[in-house]
Amino acid sequence: MSDGSDAAAIRQSAVPAPRGAELPLPPAAVPAGPHDGDIADGLEETYWSVYDGAASKATVGQILARLPRIVRQIGRLAWAADRTATLAVVVLQLASAAMTARRGSCRGSWPACAGRSRRAGASRRADRRAGPRRGHRRRGRRGHRRRGRPFGLMASVAVLRELFAEGPTPDRVRAAIPQLAVVVGLLSARALLEAGVAVAQARVTPKIRTALECEFLTLTAHVRLEVVDDADWHDEAYRANDRGLFYARQIVGQVVSLAAALLGLVGTAGVLGVLHPALLPLLLLSVLPVGAAAVRTARARFHSFKRWNTLQRRVRVFSWLLLERDAAAELRSDTAQGALLEEHRRLTTRIAEEDTRLGVSSAGLTLAGRAVGGLGSGITYTALGAMLIAGWLPLAAGAGAVLAIQAAQSSLTRLVDVSHLVYEHAMWVDDLLAFQERCRTLQPRRSGAPAPETVKTITLDDVSFTYPGKDTPALNGISMTLHAGQTVAFVGVNGSGKSTCARLLAGLYEPQDGGTVRWDGVNVLDMDAESLQARVGCVLQDPVRFPFSALANLTVSRGTLTEADPQRALDAARASGAEQVIAGLPGRWEALLSKRFRGGQELSAGQWAKIAVARGLYKNAPVLLLDEPTASMDPRAEHAVYEAVLRDNPRPDQITVLISHRLASVVACDRIFVFDGGRITESGTHQELMDLGGEYAAMFTLQADGYRAEAGEAA
């Protein structure tokens with residue numbers, strides 16, 4: 001028997017000696033972060049910022065080329081979500097845009113209409129000289145003009161034509177009233193149409209989000225476990241959830257706004273074409289500088305947003321540390337608050353300076369754009385004035401042209417802004433749809449026979465497994481046979497392959513390189529994967545703390561939160577030691593185990609471990625895997641669990657697999673497998689392995705002597 005000094009010698013020999021080059025002295029002072037240059041340097045790009053600022057890098061041609069495909073894609077999503085509402089959005093939006101067009105009384109080309117207008121003016125002058133009959137003739141001609149059907153801007157032009165006509169002012173105002181009523185009616189109709197668009201959009205948008213979110217969660221919740229272990233897949237999943245679903249909800253409204261701006265621009269161009277064809281080149285001269293300035297401003301804004309986001313991330317590092325619950329105790333014991341606050345203040349000052357610089361730059365860019373746009377507008381209005389002087393246009397038509405040009409400038413600016421938003425946000429939606437498509441190829445098998453209700457033998461034959469992105473296999477040629485009624489143990493150092501092997505047994509992983517796992521001689525690859533997983537109860541070291549009732553925390557292992565087998569639940573709670581935990585809760589079985597709910601309870605790690613063991617027992621599966629289930633329990637609770645689960649209630653129809661670093665708990669197991677480097681290096685009963693004098697015997701002796709040494713020191 002070894003004494004305390006021998007145990008100390010064993011522990012000392014187990015400590016590895018330093019390797020590699022000697023570590024030099026550290027510097028006496030280091031900066032907490034970059035002090036010069038870009039304070040965003042050194043931060044990795046996060047999963048949720050991949051497409052931020054993409055619109056600032058795209059050319060106008062790239063954006064315009066991609067917009068039709070984006071509109072078709074969003075249209076397909078909307079059509080699948082709600083056909084009636086989608087059709088209503090399209091029809092009502094087109095009708096609303098039509099309010100800017102006119103089919104009036106003047107038929108044919110503009111010169112003919114303009115000629116008739118000039119002749120009408122001469123007739124009105126003759127009427128005034130004619131005396132008492134002039135009123136009747138004027139009303140007749142106004143009646144003729146009112147027979148047209150004006151829309152939008154052309155209705156406004158009709159009002160201006162009456163107001164700018166010759167004659168006494170009261171007569172002109174009275175003459176304009178009918179046209180003014182038409183304008184008011186058109187504005188009201190347009191308001192109703194836009195309200196209809198908003199209602200239809202409100203119907204279809206949530207349905208798109210709901211459909212995408214349900215499909216996203218269904219796909220991600222069922223992908224194979226080895227996929228979830230891939231960090232890159234995790235980034236894609238959170239990016240799709242955090243950004244893709246968010247912008248999928250917004251982009252429908254943005255596409256509607258894009259269509260409205262485009263139709264408004266086309267409508268105003270059509271009005272100018274009706275007033276006089278020469279006004280169309282003037283429109284381009286007026287709006288193109290405004291559009292160019294809007295493009296530059298939009299790009300600068302998107303670039304600024306990406307930079308601002310990156311700067312804020314660096315500040316949040318310190319904000320999180322100051323607010324994080326897990327860091328609070330050590331932060332206060334180290335009195336480190338002042339140091340963190342000082343660095344936080346330094347960074348926020350730099351960010352404020354950066355915000356000011358970006359704001360000034362944006363203001364200058366906007367001013368330059370307006371100056372160029374103003375120059376183009378000045379040329380346009382000068383040309384428009386020349387046309388009025390030359391008699392090419394009546395004054396009313398000129399006023400209408402000014403309104404149309406101003407409306408076109410506003411529509412173009414809106415079009416540029418929204419097109420940049422749609423371009424960038426569509427990337428996130430594309431990302432979401434591509435991720436969903438990838439997840440469809442990563443689903444578990446849903447074909448094949450269901451797994452059997454009971455199993456007599458499970459055989460692993462030359463099984464290997466390598467995690468995604470890893471070069472070294474986690475398992476390398478594992479073979480073993482497990483029998484019903486047995487309790488077996490997997491032991492070994494961290495990373496030796498114990499948990500990976502257990503997950504292969506549970507059907508959570510599939511063997512690679514030709515290895516097979518067979519249940520009663522049937523290859524698990526010929527079984528439905530989810531039915532196989534339903535036949536295995538797993539209790540893990542870090543169990544999920546479901547924010548449900550105490551009872552639902554047990555029943556969830558059988559796929560339900562609302563239905564329970566009362567006797568099975570009570571038996572599982574007693575066997576796991578969770579009975580006293582649940583009995584001490586307000587509401588007992590119905591107590592909510594989460595502080596996120598009013599009256600919710602917070603359990604300790606050891607109490608959660610007992611709940612997790614009860615959950616695994618409640619499943620009543622033919623295979624029970626216990627992966628370090630008692631690591632957070634006190635010794636008495638751990639002993640009680642092992643006595644109840646492993647010794648007091650043996651099941652002749654169940655295979656129980658125990659993974660533990662505390663080798664005292666595996667002594668009574670029927671068979672022990674020792675893992676090292678992805679291989680099984682030893683197997684047998686406890687006594688057989690101790691007699692072998694190999695790795696298991698060394699580990700067991702080291703632990704046992706450590707306990708004896710501590711007991712001797714305490715004595």
Side-chain angles (χ1 to χ4, degrees), residues 8 11-12 14-49 231 234-235 238 242 305-358 494-495 541-545 547 581 592-609 628 630-635 637-638 661 706 709-710 713-714:
R11 288 195 299 273
Q12 182 66 32
V15 178
R19 294 182 299 176
E22 183 179 352
L23 182 66
L25 282 173
V30 291
H35 282 256
D36 298 315
D38 190 346
I39 61 177
D41 286 347
L43 283 178
E44 292 286 344
E45 185 170 51
T46 56
Y47 72 84
W48 43 262
S49 65
H234 254 288
D235 276 357
Y238 279 101
D242 188 33
F305 173 75
K306 182 176 178 66
R307 182 176 174 80
W308 178 88
N309 234 350
T310 306
L311 296 173
Q312 287 296 329
R313 282 172 51 213
R314 188 166 186 86
V315 171
R316 289 190 197 111
V317 170
F318 294 90
S319 301
W320 287 334
L321 283 172
L322 290 165
L323 295 172
E324 181 63 38
R325 178 181 177 185
D326 293 339
E330 191 165 348
L331 192 67
R332 283 154 178 78
S333 68
D334 292 341
T335 62
Q337 304 98 315
L340 294 179
L341 287 168
E342 181 181 354
E343 183 63 15
H344 181 275
R345 189 178 299 109
R346 184 184 74 83
L347 288 172
T348 52
T349 301
R350 291 287 303 275
I351 290 175
E353 295 171 354
E354 183 70 15
D355 282 344
T356 300
R357 186 189 69 80
L358 292 173
N494 288 334
Q541 179 178 351
D542 297 312
V544 177
R545 301 181 179 188
V581 176
L592 289 172
L593 304 186
S594 173
K595 278 295 192 180
R596 282 175 275 184
F597 298 99
R598 189 179 296 112
Q601 303 300 304
E602 185 169 343
L603 303 184
S604 67
Q607 290 173 323
W608 272 114
E628 296 281 355
T630 62
S632 56
M633 294 185 187
D634 59 76
E638 178 184 31
H661 286 102
E710 292 172 4
E713 292 170 2

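The figures that follow rest on heavy atoms only: side chains count, while hydrogens, waters and symmetry mates do not.
- When the side chain to side chain donor-acceptor pair (under 3.5 Å) test is applied to D334, no partner is found at least two apart in sequence or on another chain.
- A salt bridge links R346 with E343: the closest approach of a Lys/Arg side-chain nitrogen to an acidic carboxylate oxygen falls below 4.0 angstrom.
- The shortest heavy-atom contact between P543 and W608 is CG-O, 4.2 Å.
- Taking all atoms of both residues into account, the shortest heavy-atom contact from R345 to T349 is O-OG1, 2.8 Å.
- Listed by chain and residue number, nothing satisfies the side-chain contact (heavy atoms from CB on, under 4.5 Å) test with A339 (two or more places apart in sequence, or in another chain).
- For residues 594-605, the side-chain hydrogen bond (donor to acceptor under 3.5 Å, both in side chains) pairs, not counting sequence neighbours, are R325-E602, S594-R596, S604-Q607.
- Side-chain atoms of Q337 never come within 3.5 Å of backbone atoms of L322 as a donor-acceptor pair (strictly under, hydrogens ignored).
- Put simply, the side chain of R545 does not reach to within 4.5 Å of the side chain of L603, judged on heavy atoms.
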- When you look at L321 and L331, which way does the side-chain contact (heavy atoms from CB on, under 4.5 Å) test go after all the steps? CA-CA 8 Å; L321 283 172; L331 192 67; 5.6 Å; no
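- Open room surrounds CD on E330; 12 or fewer heavy atoms of other groups in view lie less than 6.0 Å from it.
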